[in-house]
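Report on one structure; see the data block that follows.
Computed from a predicted model, the values in this text were never measured in an experiment. Each chain gets a letter, A, B and so on, in the order its sequence line appears, and its residues count up from 1.
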Amino acid sequence: MKSYKINIRRQDFYEMVWDVVRMIPSGRVTTYGHIAEYLGTKRAARMVGYAMNASHSQPTIPAHRVVNRKGMLTGKHHFGSPDQMKKLLEAEGVQVLNDQVVGFDKLLWIPSKELL
DNA sequence: CTACTGACTCAAT
DNA sequence: GATTGAGCCAGTA
């Protein structure tokens with residue numbers, strides 16, 4: 001694990017986000033806000049989503065495991081197909097109902113707590 | 001350089 | 001409790 005929280009300003013923001021997302025265990029999900037918080041800037045939740053948009057070049061980024069704080073699949077439309085995200089989640093054992101993660105509170109994976 | 005936008009979140013009404 | 005407005009940072013026009 002790298003020591004973040006200090007170099008955060010812009011340069012490797014995307015890389016850090018990607019690293020965190022890559023660490024998300026299969027069958028678990030996390031939120032933009034938690035990732036941003038882990039990176040130090042809690043208010044950079046939007047940037048996390050922005051980084052996700054740039055993760056298209058990074059096939060190893062399970063962006064489907066990243067949802068908003070309510071567990072809603074807000075970014076599903078940015079996948080190839082709107083059903084892609086749901087499909088990927090279900091393939092990992094995550095139930096998705098009405099664009100929302102079922103049992104989101106249980107499946108929530110917080111980097112700063114789970115990873116430590 | 002200023003303005004607008006966005007896979008977000010929080011606070012106030 | 002649902003809806004609305006403002007704050008936030010980075011990228012693009």
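Every residue two or more places apart in sequence or in another chain that forms a ring pair (Phe, Tyr, Trp, His ring centres under 6.0 Å) with Trp18(A) is listed here: Tyr14(A).
Clustering of Ile, Leu, Val, Met, Phe, Trp and Tyr by side-chain heavy atoms under 4.5 Å joins Val102(A) with Leu97(A).
With a heavy-atom cut-off of 4.0 Å to chain A, the contacted part of DNA chain B has its first and last nucleotide at dG6(B) to dC10(B).
The two residues Phe13(A) and Ala44(A) have their closest heavy-atom pair at CZ-CB, 3.8 Å. Taking each heavy atom of His56(A) and Asn53(A) in turn, the nearest pair found is CD2-O, 3.1 Å. Val17(A) approaches Met52(A) most closely through the heavy-atom pair CG1-CE, 3.6 Å.
For residues 65-81 of chain A, proximity to DNA chain B is found at Asn68(A), Arg69(A), Thr74(A), Gly75(A), His78(A), Phe79(A), defined as any non-hydrogen atom under 4.0 angstrom from a strand atom. At a non-hydrogen distance threshold of 4.0 Å, nothing from residues 85-103 of chain A comes into contact with DNA chain C. For the contact set between residues 51-63 of chain A and DNA chain B, defined by any heavy atom under 4.0 Å, the members are Met52(A), Asn53(A), Ala63(A).
The ring-ring contact (aromatic ring centres under 6.0 Å, His included) contacts involving residues 76-96 of chain A comprise nothing, where partners must be two or more places apart or lie in separate chains. Applying the salt bridge (charged side-chain N to carboxylate O under 4.0 Å, His left out) rule to pairs touching residues 65-83 of chain A yields Arg65(A)-Glu92(A), Lys76(A)-Asp99(A), sequence neighbours excluded. Note on residues 40-54 of chain A: no pairs pass salt bridge (charged side-chain N to carboxylate O under 4.0 Å, His left out), not counting sequence neighbours.
In the hydrophobic cluster analysis, where Ile, Leu, Val, Met, Phe, Trp and Tyr join through side-chain heavy atoms closer than 4.5 angstrom, Ile110(A) is grouped together with Val94(A).
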Which pairs of donor and acceptor atoms, one on a side chain in residues 21-33 of chain A, lie under 3.5 Å apart (sequence neighbours left out)?
residue	atom	partner	partner atom	Å
Arg22(A)	NH1	Thr60(A)	OG1	3.2
Arg22(A)	NH2	Asp19(A)	OD1	2.7
Arg28(A)	NE	Leu107(A)	O	3.0
Arg28(A)	NH2	Leu108(A)	O	3.1
Thr30(A)	OG1	Trp109(A)	O	2.7
Thr31(A)	OG1	His34(A)	N	3.1
Thr31(A)	OG1	His34(A)	ND1	2.8

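Summarising the geometry, atom CE belonging to Met16(A) is positioned 11.5 Å from atom CD1 belonging to Ile35(A); distances are rounded to the nearest 0.5 Å.
Here the P atom of nucleotide dG11(C) and the OH atom of Tyr50(A) are 8 Å apart, to the nearest Å.
Remark: Gln95(A) CD is loosely packed, at most 12 non-hydrogen atoms of other residues, nucleotides or ligands lying under 6.0 Å away.
Interface remark: the Arg46(A) side chain does not form any donor-acceptor pair with the dG11(C) base, using a distance-only criterion of under 3.5 Å.
The residue among Tyr32(A) and Arg43(A) whose nearest nucleotide of DNA chain B is located toward the 5' end is Tyr32(A).
Shown are Val96(A), Val66(A), Leu73(A), Thr74(A); of these, the side chain to side chain contact (heavy atoms under 4.5 Å, CB included) with Met85(A) is made only by Leu73(A).
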